[in-house]
Chemist: 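Provided herewith is a single structure, encoded as structure tokens, for subsequent inquiry.
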Amino acid sequence: MNSGLGRPRLERGGFDGPLLRSLAAVAAAPRPAPRMASALEDPVLIRPFRGHRAAVTGVAFNADAAGLATSSLDKFLMVWKLKTQCRAYKFVGHAEAVTSVQFSPDGQLLASASQDRTIRIWIPCIHGESSVLKGHTASVRSVSFSHDGHFLVSASNDKSIKIWSVHRQRLLFSLFQHTHWVRYAKFSPDGRLIASCSEDKSVKIWDTRNKTCIDSFLDYGGFANFVDFNPSGTCIASAGSNHTVKLWDIRMNKLLQHYKVHRAGVNCVSFHPSGNYLITASTDGTLKILDLLEGRLIYTLHGHKGPVLSVAFSKDGEKFASGGADAQVLLWKTNFDSFDYKEVLKHHIRRTHIDDPPHLLDIYPRSPHLHDEKLQSVEVNPTFDVTNTQTLDPPVIEISSASSFSTLDDVSSEDLQYPPAPVLATSSKRKSENESESAVHNVGKPTAISPSLGNALEHIVEQLDVLTLTISILEQRLTLTEDKLQDCLENQKKMLLQGRQEE
């Protein structure tokens with residue numbers, strides 16, 4: 001079957017023997033007339049979005065799921081308005097590929113990371129105002145907000161993790177222990193912990209209060225590309241380059257579930273807000289949805305033409321979006337969480353055919369499942385279910401980044417994609433209205449700078465980067481020294497107590 005965009009394909013995971021027996025028991029029990037199953041109970045593709053010129057590296061919904069932000073190797077951010085009269089806004093500012101994007105929890109700010117070694121905090125409006133955070137000395141792989149929106153955490157190829165103040169727009173502290181590029185870092189829901197993964201094949205848990213690594217999970221089979229906390233903050237999921245997805249209990253330091261359902265590396269995962277499902281994106285070109293309560297694969301989604309690099313659920317869980325190397329963004333409707341999928345599978349038995357999909361044979365669930373040699377599976381053709389797949393792409397409004405934040409009083413509410421952030425608008429109101437207007441109307445117009453001045457400025461920036469790195473290293477050494485001193489004092493107290501007891 002063609003797996004192109006026009007006819008995305010979706011497969012359902014098969015049954016095992018115990019599950020079939022339990023379904024038969026349910027069928028034998030007295031119950032109301034069964035609800036007829038329909039394809040609307042499965043995830044369906046709402047529509048594709050085309051606007052990027054290169055691979056889509058990140059997707060993120062805003063708080064009310066009315067907007068979707070995407071990042072790409074084409075150096076641009078795009079914000080797609082998902083309500084009626086769909087429009088797209090292209091934000092220009094980064095000098096190199098954009099590797100990650102995320103909305104603040106209130107949806108009023110947007111953070112992006114780039115291979116140009118910078119992080120940008122945007123006000124997602126038509127002025128394209130952004131603030132640049134510098135400190136990393138290599139490509140920045142990821143950026144993520146804390147749950148309260150006050151802090152950012154970034155991961156970089158310089159082997160460091162950095163925590164930033166959003167309000168003050170400055171570096172707070174750095175974390176060093178990874179010995180290779182750090183692929184991703186994420187705050188826990190309560191903001192007390194940070195999970196990070198690196199090409200040194202480790203996943204680390206950090207305590208943000210004492211700035212130390214409190215746990216580390218090693219995977220000798222490959223490194224993790226992505227890591228995320230479940231909604232309750234008790235578990236983390238890692239997406240492995242060795243085709244695996246692993247769930248760890250960070251309270252007991254224990255591997256809970258291990259899935260090998262993809263045929264290539266897993267690039268991204270996202271927890272459903274209920275915590276009961278996990279969606280994965282892989283280089284094998286598929287998305288897969290795992291039922292974590294049952295410990296099994298339930299859906300395989302096809303639609304991208306090539307590797308799928310990013311995926312994310314909306315905050316309410318009703319939608320999810322995926323981005324791929326084909327430069328497309330696919331918007332999906334979840335559907336399945338509204339129903340008991342066991343009942344849905346039971347009513348779909350009439351449409352099943354004998355098949356042995358290889359993805360089921362590779363599952364390593366939480367508890368053992370016995371599989372017959374021939375497994376039943378359901379393949380749903382969404383050709384008749386998917387609406388609007390051939391709709392025209394929304395108009396794209398290109399917005400260049402202003403050099404600094406400015407007031408937005410002269411912009412009508414109809415032109416704004418989102419309201420300005422109070423935190424950033426407060427500092428911007430120090431400028432006069434004339435300065436604000438000039439900052440807006442002169443966007444994208446280069447100013448004449450002499451070559452000697454340009455070289456001097458570049459040299460100053462390089463020296464500042466070196467100083468920032470030096471300060472970070474000194475901060476790390478000071479923290480280690482303080483820890484050692486604290487240990488010495490505790491040991492001395494113990495020795496004194498022992499001496500007194502012996503007397």
Chemist: Mind listing the closest non-hydrogen atom pair of Ser198 and Phe223 along with its distance?
Modeler: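 That closest heavy-atom pairing would be O-CB, 3.4 Å.
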
Chemist: Would you tell me whether Ser131 and Gln169 have side-chain atoms, one donor and one acceptor, within less than 3.5 Å of each other?
Modeler: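 A pair is found: one side chain offers a donor N or O, the other an acceptor, under 3.5 Å apart.
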
Chemist: Which pair of non-hydrogen atoms, one from Leu309 and one from Cys268, has the smallest distance, and what is that distance?
Modeler: O-CB, 3.6 Å

Chemist: Within the 3.5 Å criterion, strictly below it, is a donor on Ser165 or His150 matched to an acceptor on the partner's side chain?
Modeler: no

Chemist: Apply side chain to side chain contact (heavy atoms under 4.5 Å, CB included) to Gln328 and Val56, showing your working.
Modeler: CA-CA 7 Å; Gln328 295 185 112; Val56 179; over 6 Å; no

Chemist: For the side chain of Asn230 and the backbone of Thr234, is there at least one donor-acceptor N/O pair under 3.5 Å apart?
Modeler: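 Side chain of Asn230 to backbone of Thr234, a donor-acceptor pair under 3.5 Å: yes, one is there.
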
Chemist: Say whether, by atom type as modelled, one donor and one acceptor occur between the side chain of Thr212 and the main chain of Ile214 under 3.5 angstrom.
Modeler: no

Chemist: Quick one: does any side-chain atom of Asp326 pair with a main-chain N or O of Gly306 as donor and acceptor, under 3.5 Å?
Modeler: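 Answer holds: no.
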
Chemist: Out of curiosity, Ile279 CD1 to Thr334 OG1, how far, rounded to the nearest 0.5 Å?
Modeler: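 Separation between the atoms: 7.5 Å.
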
Chemist: Is any side-chain heavy atom of Thr286 closer than 4.5 Å to a side-chain heavy atom of Val308?
Modeler: no

Chemist: Do Tyr277 and Asp291 have a side chain donor and acceptor closer than 3.5 Å?
Modeler: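 Note: Tyr277 and Asp291 side chains miss the donor-acceptor criterion.
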
Chemist: Does Asp148 have any salt bridge (charged side-chain N to carboxylate O under 4.0 Å, His left out) partners at least two apart in sequence or in another chain, and if so, which?
Modeler: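 Testing Asp148 for salt bridge (charged side-chain N to carboxylate O under 4.0 Å, His left out), a comparison that skips the adjacent residues, returns none.
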
Chemist: Report the residues that fulfil side-chain hydrogen bond (donor to acceptor under 3.5 Å, both in side chains) with Asp74, sequence neighbours left out, ordered by chain and then residue number.
Modeler: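 Expected list: His52, Ser72.
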
Chemist: With the threshold set at 4.0 Å, does a side-chain nitrogen-carboxylate oxygen contact exist between Lys186 and Asp228?
Modeler: yes

Chemist: Give a yes or no answer on whether the side chain of Asn491 reaches the backbone of Met495 with a donor-acceptor pair at less than 3.5 Å.
Modeler: no

Chemist: Just wondering, do Val101 and Leu110 contact through their side chains at under 4.5 Å, heavy atoms?
Modeler: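 Result yes, sub-4.5 Å side-chain heavy-atom pair found.
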
Chemist: Less than 4.5 Å apart, side chain to side chain, heavy atoms only: is that true for Phe187 and His147?
Modeler: no

Chemist: Tell me the ring pair (Phe, Tyr, Trp, His ring centres under 6.0 Å) pairs involving residues 189-219, sequence neighbours left out?
Modeler: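 Qualifying pairs, neighbours excluded: Phe217-Trp248.
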
Chemist: Any heavy-atom pair between the side chains of Leu247 and Ile236 that's under 4.5 Å?
Modeler: no

Chemist: Can you tell me if Trp122 and Ser112 form a side-chain donor-acceptor pair at under 3.5 Å?
Modeler: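 Ser112 and Trp122 do have a side-chain donor-acceptor pair below 3.5 Å.
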
Chemist: Between Ile194 and Thr208, is the side chain to side chain contact (heavy atoms under 4.5 Å, CB included) condition met? List the steps.
Modeler: CA-CA 7 Å; Ile194 291 173; Thr208 58; 3.6 Å; yes

Chemist: Closer than 4.0 angstrom, basic N to acidic O: yes or no for Glu199 and Arg183?
Modeler: yes

Chemist: Determine whether Val329 and Leu331 make a side-chain contact, defined as any pair of heavy atoms from C-beta on separated by less than 4.5 Å.
Modeler: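 Contact flag for Val329/Leu331 side chains = no.
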
Chemist: Do Thr99 and Val143 touch side chain to side chain, with heavy atoms closer than 4.5 Å?
Modeler: no

Chemist: Walk me through whether Val140 and Gln115 qualify under side chain to side chain contact (heavy atoms under 4.5 Å, CB included).
Modeler: CA-CA 6 Å; Val140 186; Gln115 291 181 5; over 6 Å; no

Chemist: How close do Pro189 and Pro231 get, counting heavy atoms only, and between which atoms?
Modeler: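 Closest approach of Pro189 to Pro231: CG-O, 3.5 Å.
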
Chemist: Does any part of the side chain of Asn253, heavy atoms only, come nearer than 4.5 Å to the side chain of Asp215, both counted from C-beta?
Modeler: yes

Chemist: Any cation-pi pair here, Arg47 with Phe49, using under 6.0 Å and within 45°?
Modeler: yes

Chemist: Using every non-hydrogen atom in the two residues, find where Thr137 and Asp158 come nearest and quote the distance to one decimal.
Modeler: N-OD2, 3.1 Å

Chemist: Are a donor atom and an acceptor atom from the side chains of His258 and Thr244 found within less than 3.5 Å of each other?
Modeler: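 On atom types as modelled, these side chains do not qualify, holding no pair under 3.5 Å.
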
Chemist: Does a donor on one side chain sit under 3.5 Å from an acceptor on the other, for Ser174 and Lys162?
Modeler: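 There is such a pair (donor and acceptor under 3.5 Å, judged by atom type) between the side chains of Ser174 and Lys162.
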
Chemist: Just by modelled atom types, is the Pro43 backbone N or O under 3.5 Å from a matching donor or acceptor in the Asn335 side chain?
Modeler: no

Chemist: Closer than 3.5 angstrom, by distance alone: can the side chain of Ser100 be matched with the main-chain N or O of Ser142 as a donor-acceptor pair?
Modeler: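 No, because the side chain of Ser100 does not come within donor-acceptor range (under 3.5 Å) of the backbone of Ser142.
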
Chemist: Is a donor on one side and an acceptor on the other found under 3.5 Å between the side chain of Ser156 and the backbone of Ser139?
Modeler: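 Yes, Ser156 side chain to Ser139 backbone: donor-acceptor pair under 3.5 Å.
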
Chemist: Quick one: are the ring centres of Phe151 and Trp164 less than 6.0 Å apart?
Modeler: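 No: the rings miss the under 6.0 Å criterion.
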
Chemist: Please check this pair: side chain of Ser114 against backbone of Ala97, looking for a donor-acceptor N/O pair closer than 3.5 Å.
Modeler: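 Yes, the answer is positive, given that a donor and an acceptor are paired below the 3.5 Å cut-off.
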
Chemist: Return the OG to NE2 distance between Ser160 and His136, rounded to the nearest 0.5 Å.
Modeler: 4.5 Å

Chemist: Does a side chain donor of either Gln102 or Ser144 reach within less than 3.5 Å of an acceptor in the other side chain?
Modeler: yes

Chemist: Taking salt bridge (charged side-chain N to carboxylate O under 4.0 Å, His left out) as the test, write out the residues that go with Lys159, two or more places apart.
Modeler: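 Per chain and number, Lys159 pairs via salt bridge (charged side-chain N to carboxylate O under 4.0 Å, His left out) with no residue.
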
Chemist: Who are the salt bridge (charged side-chain N to carboxylate O under 4.0 Å, His left out) partners of Asp207, not counting sequence neighbours?
Modeler: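 Listed in chain order: Arg209.
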
Chemist: Under the salt bridge (charged side-chain N to carboxylate O under 4.0 Å, His left out) test, which residues partner Asp249, sequence neighbours left out?
Modeler: Arg251

Chemist: Nearest heavy-atom pair of Cys235 and Leu256: which atoms, and what distance?
Modeler: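 Shortest heavy-atom contact: SG-CD1, 3.7 Å.
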
Chemist: Find out whether the Lys NZ or Arg CZ of Lys211 is both under 6.0 angstrom from the six-membered ring centre of Phe173 and within 45° of the ring's axis.
Modeler: yes

Chemist: Verify, without hydrogens or angle tests, whether His272 (side chain) and Ser274 (backbone) share a donor-acceptor contact under 3.5 angstrom.
Modeler: yes

Chemist: Please check: side-chain N/O of Ser282 versus main-chain N/O of Gly265, any donor-acceptor pairing under 3.5 Å?
Modeler: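 Side chain of Ser282 to backbone of Gly265: a pair is present.
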
Chemist: Going from CG on Leu287 to NE2 on His304, what distance comes out if it is rounded to the nearest 0.5 angstrom?
Modeler: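 Rounded to the nearest 0.5 Å, the CG-NE2 separation comes to 5.5 Å.
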
Chemist: On a heavy-atom basis, which atom in Phe313 and which in Ser270 lie closest, and how many Å separate them?
Modeler: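 It is N-OG, 3.1 Å.
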
Chemist: His302 and Thr300: side chain to side chain contact (heavy atoms under 4.5 Å, CB included), yes or no, with the steps?
Modeler: CA-CA 7 Å; His302 303 256; Thr300 298; 3.5 Å; yes

Chemist: For the residue pair Lys319 and Phe61, establish whether any side-chain heavy-atom pair is separated by less than 4.5 Å.
Modeler: yes

Chemist: Working to the nearest 0.5 Å, report the span between CG of Asn225 and OG1 of Thr283.
Modeler: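 One finds 7.5 Å between CG of Asn225 and OG1 of Thr283.
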
Chemist: Between atom SG of Cys125 and atom CZ of Phe91, what is the distance when rounded to the nearest 0.5 Å?
Modeler: 6.5 Å

Chemist: Could you state the interatomic distance from CD (Gln257) to CD (Glu294), rounded to the nearest 0.5 Å?
Modeler: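 Atom-to-atom, Gln257:CD and Glu294:CD are 10.5 Å apart.
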
Chemist: Verify whether one side chain among Ser196 and Lys204 offers a donor that lies under 3.5 Å from an acceptor in the other.
Modeler: no

